[in-house]
Student: 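Let me give you the structure first, and then I'll get to my questions.
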Amino acid sequence: MCNSKINGRPVLQPAGNRVPIEPGRMTKKPILKPIHSSPPLSPKSPLNLNTEKSVTSPANVQKASKKYSNSNVSVVLPLDSFSTDTAPGSIAAAQREQALLMHAQRKMKIAHYGRTHAKLEASKIVPIDHSSANATVLSTHEEKRCSFITPNSDPIYVAYHDEEWGVPVHDDKMLFELLVLTGAQVGLDWTTILKKRNDFRSEAFAGFDAETVSKFTERRIAAISINQGMDLGRVRGIIDNAKRILEVKKEFGSLDKYLWSFVNYNPIITNYKSCRKIPVKTSKSETISKDLVRRGFRFVGPTVIHSFMQAAGLTNDHLLHCPRHKLIN
């Protein structure tokens, strides 16, 4: 047991309770630093807060207030709602200060910008320009076409869509022409074939008269292949198809009656909403293709025949939102 003094009085203490202090070494009481739950405020903030005045005495709490000033707006915030038992530098005091800052900034923004993000000003009202309104109507009309017609589409292709594609055809020469064009566009695109259409009609295939084309010689066939840049076998196939058309005319009276009999002389009306839904071939095109092949026609696969049916109007594959869908019907 050791004698020790507490408040000047001798007290007996066990020796194990005493901690020896090394000579020359003094113990320091640790200093607890407040932990801020939010970033410290910058001294350059537009709202200059004096943190020393954030806590007031109980007597002055009801009267105390802070005034935050900016170049155009001043905000006065009462401090009577803040607790008086928060010690300076504590976490609660820092949170109070941060909330006070955010509240003051919000009031300044409302005073400067208003509560609505956009206001209608009379000076910004512009009278309606009828020319621009008409242009908007035209552009809307263009957007309503079938989706494969884009602003970058060639005008000849747009005209073909607006005037010919899907329109029922009953002329034998035109049917022969469309059969040739749909077969020639395999591996190419319609724009390229449509640009060669006049040359095909006037120079190569004698106006698509089946009787005249069926009499072309090998020399003429070779010349067409060279001048039009077509495969020699494909040109020969067109000549053979002209001969088969003459046979069909003898049996059915016309190519028109033969082809339209497959659809009961009425076009097939489809209701596609997207080009992705339009098939490349159908059961009907497969049926026609098989019969044509049986009769000796060449280059008349089901995909080519379905494209021919679309071009000749045997089927109306314009999309529902396209104006041509209703006009053709």
Student: Check the pair Arg145 / Asp162 against side-chain contact (heavy atoms from CB on, under 4.5 Å), numbers first and verdict last.
Tutor: CA-CA 9 Å; Arg145 288 190 178 105; Asp162 292 347; 2.8 Å; yes

Student: Can you find a heavy atom in the side chain of Leu101 that is under 4.5 Å from one in the side chain of Glu97?
Tutor: no

Student: Side-chain heavy atoms under 4.5 angstrom apart, residues restricted to Ile, Leu, Val, Met, Phe, Trp, Tyr: same cluster for Leu188 and Ile305?
Tutor: yes

Student: Applying side chain to side chain contact (heavy atoms under 4.5 Å, CB included), name anything that partners Ala222, two or more places apart in sequence or on another chain.
Tutor: none

Student: Please report the C-alpha distance between Lys284 and Thr315 in whole Å, then the side-chain angles of each, then the deciding distance to 0.1 Å, and finally whether the side-chain contact (heavy atoms from CB on, under 4.5 Å) criterion is met.
Tutor: CA-CA 10 Å; Lys284 185 64 68 176; Thr315 179; over 6 Å; no

Student: Restricting to non-hydrogen atoms, name the atom on Phe148 and the atom on Cys275 that form the minimum distance, rounded to 0.1 Å.
Tutor: CD2-SG, 3.4 Å

Student: Going by an N to O cut-off under 4.0 Å, is there a salt bridge joining Arg236 and Asp240?
Tutor: no

Student: Are Phe299 and Val304 linked, directly or through intermediate hydrophobic residues, by side-chain heavy-atom contacts shorter than 4.5 Å (ILVMFWY only)?
Tutor: no

Student: Give, for atom CZ of Arg201 and atom CG of Asp199, the distance between the pair rounded to the nearest 0.5 Å.
Tutor: 10.5 Å

Student: Nearest 0.5 Å, what's the CG-CG distance between Leu259 and Leu179?
Tutor: 8.0 Å

Student: Please check if the number of heavy atoms outside Arg219 that lie under 6.0 Å from its CZ is greater than 12.
Tutor: no

Student: Hey, could you give me the CG/CD distance between Asp317 and Gln310, rounded to the nearest 0.5 Å?
Tutor: 4.5 Å

Student: Kindly check if the number of other-residue, nucleotide or ligand heavy atoms within 6.0 Å of CD (Glu211) is above 12?
Tutor: no

Student: Ignoring hydrogens, what is the shortest heavy-atom contact between Ala210 and Ile245? Give both atom names and the distance.
Tutor: CB-CG2, 4.0 Å

Student: Would you find a donor on one side and an acceptor on the other, under 3.5 Å apart, between the side chain of Ser261 and the backbone of Tyr258?
Tutor: yes

Student: Any side-chain heavy-atom pair from Arg197 and Ile156 closer than 4.5 angstrom?
Tutor: no

Student: Is Asp172 reaching over with its side chain to a backbone N or O of Asp256, donor-acceptor style, under 3.5 angstrom?
Tutor: yes

Student: Roughly how far, to the nearest 0.5 Å, is the CZ atom of Arg324 from the CH2 atom of Trp165?
Tutor: 11.0 Å

Student: Counting C-beta onward and ignoring hydrogens, is there a side-chain heavy-atom pair between Arg234 and Gln228 closer than 4.5 Å?
Tutor: no

Student: If we ignore hydrogens and angles and just use 3.5 Å, is the side chain of Thr287 paired with the main-chain N or O of Ser283 as donor and acceptor?
Tutor: yes

Student: Does the side chain of Ile238 reach to within under 4.5 Å of the side chain of Phe176, using non-hydrogen atoms?
Tutor: yes

Student: Taking side chain to side chain contact (heavy atoms under 4.5 Å, CB included) as the definition, give me every residue that meets it alongside Asp171, ordered by chain and number, with sequence neighbours left out.
Tutor: Lys173, Met174

Student: Taking the side chain from Ser214 and the backbone from Ala242, do they hold a donor-acceptor pair closer than 3.5 Å?
Tutor: no

Student: Is Val169 reachable from Phe208 through a run of hydrophobic residues whose side-chain heavy atoms are each under 4.5 Å from the next?
Tutor: yes

Student: Does some side-chain heavy atom of Trp190 sit less than 4.5 Å from a side-chain heavy atom of Leu181?
Tutor: yes

Student: Measuring only between side-chain heavy atoms, which start at C-beta, is Phe200 closer than 4.5 Å to Glu177?
Tutor: no

Student: Walk me through it: do Thr150 and Asn152 pass the test side chain to side chain donor-acceptor pair (under 3.5 Å)?
Tutor: CA-CA 5 Å; Thr150 65; Asn152 297 326; 5.0 Å; no

Student: Hey, could you give me the CG/SG distance between Leu320 and Cys146, rounded to the nearest 0.5 Å?
Tutor: 9.5 Å

Student: Using every non-hydrogen atom in the two residues, find where Val158 and Ser153 come nearest and quote the distance to one decimal.
Tutor: CG2-CB, 3.8 Å

Student: Show your working on side-chain contact (heavy atoms from CB on, under 4.5 Å) between Ile224 and Phe216 and close with a plain yes or no.
Tutor: CA-CA 10 Å; Ile224 293 173; Phe216 281 179; 3.8 Å; yes

Student: Any chance you could lay out the side-chain contact (heavy atoms from CB on, under 4.5 Å) test for His325 and Asn271, step after step, and finish with the verdict?
Tutor: CA-CA 9 Å; His325 185 274; Asn271 296 310; 3.9 Å; yes

Student: Tell me whether the rings of Tyr157 and Tyr160 are parallel (<30°), tilted (30 to 60°) or perpendicular (>60°).
Tutor: parallel

Student: May I ask you to say whether Glu247 pairs ionically with Lys250, meaning some side-chain N is under 4.0 Å from a carboxylate O?
Tutor: no

Student: Does some side-chain heavy atom of Asp291 sit less than 4.5 Å from a side-chain heavy atom of Phe262?
Tutor: yes

Student: Say you draw a straight line from CZ of Arg276 to OG of Ser147; how long is it, rounded to the nearest 0.5 Å?
Tutor: 8.5 Å

Student: Whether the side chain of His318 engages the backbone of Lys326 through a donor-acceptor N/O pair (distance < 3.5 Å, no angle test) should be reported.
Tutor: no

Student: Keeping Arg244 on the side-chain end and Arg298 on the backbone end, is there a donor-acceptor pair under 3.5 Å?
Tutor: no

Student: Taking Ser289 for the side chain and Val300 for the main chain, is one N or O donor matched with an acceptor at less than 3.5 Å?
Tutor: yes

Student: Does some side-chain heavy atom of Ile269 sit less than 4.5 Å from a side-chain heavy atom of Ile328?
Tutor: no

Student: When you measure from the side chain of Ser254 to the backbone of Lys249, do you find a donor-acceptor pair of N or O atoms at a distance under 3.5 Å?
Tutor: no

